[in-house]
J.: 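Submitted below is the structure of interest, expressed as structure tokens.
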There are 2 protein chains.
Amino acid sequence: MTEHERPARTRRRGEELLTAIRAAVLAEVAETGLGRLTMEGIAKRAGTAKTSLYRRWSSPQEVLLDAIHAEHPQETVSPGSDDLRGDLIRALRQLVDWMRSPSAEAAGSIVAERVRHPELARALYERVFEPRGGRFTLTVLRHYAEQGRIDPRLITPVVADIGEALVFKYAMDTHQVPDDAKLAEIVDQAVLPAVGIGPDRPESAAKP
Amino acid sequence: MTEHERPARTRRRGEELLTAIRAAVLAEVAETGLGRLTMEGIAKRAGTAKTSLYRRWSSPQEVLLDAIHAEHPQETVSPGSDDLRGDLIRALRQLVDWMRSPSAEAAGSIVAERVRHPELARALYERVFEPRGGRFTLTVLRHYAEQGRIDPRLITPVVADIGEALVFKYAMDTHQVPDDAKLAEIVDQAVLPAVGIGPDRPESAAKP
DNA sequence: GATTGAAGATACGGCAGCGTAGCTTAAACT
DNA sequence: AGTTTAAGCTACGCTGCCGTATCTTCAATC
């Protein structure tokens with residue numbers, strides 16, 4: 001929050017400058033919201049001049065788009081050991097970790113205003129959500145289905161969304177991300193039952 | 001969308017005027033977003049003068065707050081016949097019906113910008129979500145738990161949220177509300193399994 | 001070390017929303 | 001009918017952001 005660096009006497013160029021601008025626009029949209037995102041605000045926060053922004057982009061939204069684009073799509077989960085429950089929790093924890101990042105808040109603003117900025121929303125889905133997997137638990141579920149531990153016919157679009165949906169709902173209601181205990185509840189009480197494992201049946205009873 | 005009524009030559013007062021203003025602010029926030037909500041915009045759409053707005057409220061947000069406040073909390077579901085599955089679908093359909101309303105879109109804008117306008121978000125939850133029940137399926141689940149048809153211990157906060165969470169997720173992803181077929185999938189594949197009723201077990205096998 | 005190109009600073013007219021003031025006029029009340 | 005109240009206009013100076021132009025200055029390149 002003490003970002004308002006003075007001219008710093010070194011003149012940044014190329015990638016160094018771009019990085020600062022991208023960080024600035026993400027911070028700016030998180031603070032002011034997409035509706036109040038402005039070239040002057042971005043410039044001020046990045047410690048650069050409006051001119052330098054207009055040299056590359058023509059609107060604050062395009063600056064944001066660039067920043068989102070530049071966010072490297074991270075690698076997806078590796079369903080490691082033979083531990084369905086643990087892998088599901090880890091998958092959701094990956095989602096939660098991302099939700100803490102600055103770009104996640106920006107993503108939220110975009111989704112909320114998608115009616116006003118359809119291109120932005122589309123770019124967000126194409127460049128961030130889909131490459132990232134989007135469905136974190138799905139990877140895990142498929143893995144164990146291939147191993148014959150759960151019935152593949154149970155892995156429907158709805159079932160693949162249960163975990164993520166509950167994480168989002170929890171974040172929406174409480175305005176904080178679920179901790180590990182909550183993730184465990186979600187997995188135990190909602191995801192696992194949907195693929196035929198308990199709450200009342202022990203795991204081992206799933207595939208006799 | 002042809003709201004821009006000319007002065008109409010009759011001068012509205014009191015409740016009649018208030019109603020028009022409330023409708024205007026809801027439409028305005030749906031169209032421009034909460035971040036771009038403005039007194040002038042509301043006034044123009046309501047066909048009134050800025051002066052009349054400032055006479056009662058001091059910011060566009062307070063006008064919106066008033067409009068939300070004035071939205072009567074609607075009655076909740078009556079878990080009617082002896083049909084758990086049908087009642088669950090009906091409960092979710094109630095949610096979906098609300099999500100089509102103009103105030104729902106306004107509510108979405110507020111939730112999205114809750115960081116910027118905490119009072120608005122709080123008012124929304126206190127005056128709209130909580131009185132409305134907030135949890136649509138919960139009412140139904142409790143009803144059948146009292147009748148001994150499902151195990152009360154299974155009705156946890158997580159389980160009570162499954163249906164609503166999936167409806168929201170679907171709306172977020174596709175930007176349209178789920179139809180009845182989708183609601184049925186949600187109930188069959190996610191909600192019912194969580195309260196111990198198959199996908200693989202028939203309903204009747206739930207309480208032997 | 002000279003050249004070139006982009007970064008940075010400053011200034012501009014234009015527009016939109018702000019919040020207030022002063023006034024006219026229609027509607028409600030007595 | 002006369003009075004009171006609020007709705008409806010218009011206009012004001014102020015501010016923030018717009019997009020552009022101009023000029024200086026630093027940094028990379030040759």
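As a basis for the values below, the full set of heavy atoms in this structure was taken, side chains included, without hydrogen atoms, waters or symmetry mates. In this text the structure is predicted, and so the values were computed from the model without any measurement. Order of the sequence lines fixes the chain letters, A, B, ..., with proteins taken first and strands second; residue numbering starts at 1 for each chain.
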J.: Answer with yes or no whether S52(A) presents, from its side chain, a donor or acceptor under 3.5 Å of a partner atom in the base of dA6(C).
T.: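 No, no donor-acceptor pair under 3.5 Å.
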
J.: Any chance the side chains of T137(B) and E164(B) put a donor and an acceptor closer than 3.5 Å?
T.: yes

J.: To the nearest 0.5 Å, what is the distance between CZ (R100(B)) and CG (L95(B))?
T.: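 Nearest 0.5 Å value for the CZ-CG distance: 10.5 Å.
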
J.: Which listed nucleotide (dC9(D), dG19(C), dT20(D)) is nearest to the side chain of Y54(B)?
T.: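 Comparing dC9(D), dG19(C), dT20(D) against the side chain of Y54(B), the answer is dG19(C).
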
J.: Around R142(B), counting heavy atoms of other residues, nucleotides and ligands shown, do more than 12 lie under 6.0 Å from its CZ?
T.: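 Atom CZ in R142(B) is not crowded, with 12 or fewer foreign heavy atoms closer than 6.0 Å.
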
J.: CD of E16(B) versus P of dA27(C): gap in Å, rounded?
T.: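 It works out to 10 Å between those atoms.
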
J.: Side chains of D82(A) and Y144(A): do they bring a donor and an acceptor to under 3.5 Å?
T.: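 On atom types as modelled, these side chains do not qualify, holding no pair under 3.5 Å.
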
J.: If you fit an axis to the five pairs at each end of the helix from dG1(C)-dC30(D) to dT30(C)-dA1(D), how big is the angle between those two axes, to 10 degrees?
T.: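 Computed angle between terminal axes is 30°.
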
J.: I'd like to know whether CZ of R36(A) has more than 12 heavy-atom contacts from other residues, nucleotides or ligands below 6.0 angstrom.
T.: no

J.: Show the distances under 3.5 angstrom between N or O atoms of the protein and N or O atoms of nucleotides 3-6 of chain D.
T.:
| unit_1 | atom_1 | unit_2 | atom_2 | d |
| --- | --- | --- | --- | --- |
| dT5(D) | O2 | R13(B) | NH2 | 2.7 |
| dA6(D) | O4' | R13(B) | NH2 | 3.4 |

J.: What I want to find out is whether K182(B) reaches E185(B) closely enough, with some N-O distance under 4.0 Å, to be called a salt bridge.
T.: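 Counted as a salt bridge, because a side-chain N and a carboxylate O are separated by less than 4.0 Å.
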
J.: Just the rounded figure in Å: distance from C1' of dA27(C) to CG of L18(B).
T.: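 It is 15 Å, rounded to the nearest whole Å.
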
J.: Can you measure I42(B) atom CD1 to dA16(C) atom P for me and round it to whole angstrom units?
T.: 18 Å

J.: State, without any angle test, whether E28(B) and T32(B) hold a side-chain donor-acceptor pair at a distance under 3.5 Å.
T.: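 No, because no side-chain N or O of E28(B) sits under 3.5 Å from a partner of the opposite role on T32(B).
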
J.: Rounded to whole angstrom units, what separation is found between the CZ atom of R36(B) and the P atom of dC18(C)?
T.: 11 Å

J.: Between W57(A) (CH2) and dT20(D) (C1'), how many Å, whole number?
T.: 18 Å

J.: Please report the C-alpha distance between R90(B) and D87(B) in whole Å, then the side-chain angles of each, then the deciding distance to 0.1 Å, and finally whether the salt bridge (charged side-chain N to carboxylate O under 4.0 Å, His left out) criterion is met.
T.: CA-CA 5 Å; R90(B) 267 187 292 279; D87(B) 280 348; 2.8 Å; yes

J.: Given atom NZ of K44(B) and atom P of dA7(D), what is their separation to the nearest angstrom?
T.: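 For the pair K44(B) NZ and dA7(D) P, the rounded distance is 20 Å.
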
J.: Quickly work out the E40(A) CD to dG8(C) P distance and round it to whole Å.
T.: 16 Å

J.: Between the base of dG17(C) and the side chain of K50(B), is there a donor-acceptor distance below 3.5 Å?
T.: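 By the distance-only test, no, there is no pair.
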
J.: How do T48(B) and M39(A) order along DNA chain D: which one's closest nucleotide is nearer the 5' end?
T.: T48(B)

J.: So, is T38(B) near the phosphate of dA16(C), with a side-chain N or O under 4.0 Å from OP1 or OP2?
T.: no

J.: With respect to I186(B), which candidate in L192(B), V167(B), L88(B) satisfies the side chain to side chain contact (heavy atoms under 4.5 Å, CB included) definition?
T.: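 Output: one option passes, namely V167(B).
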
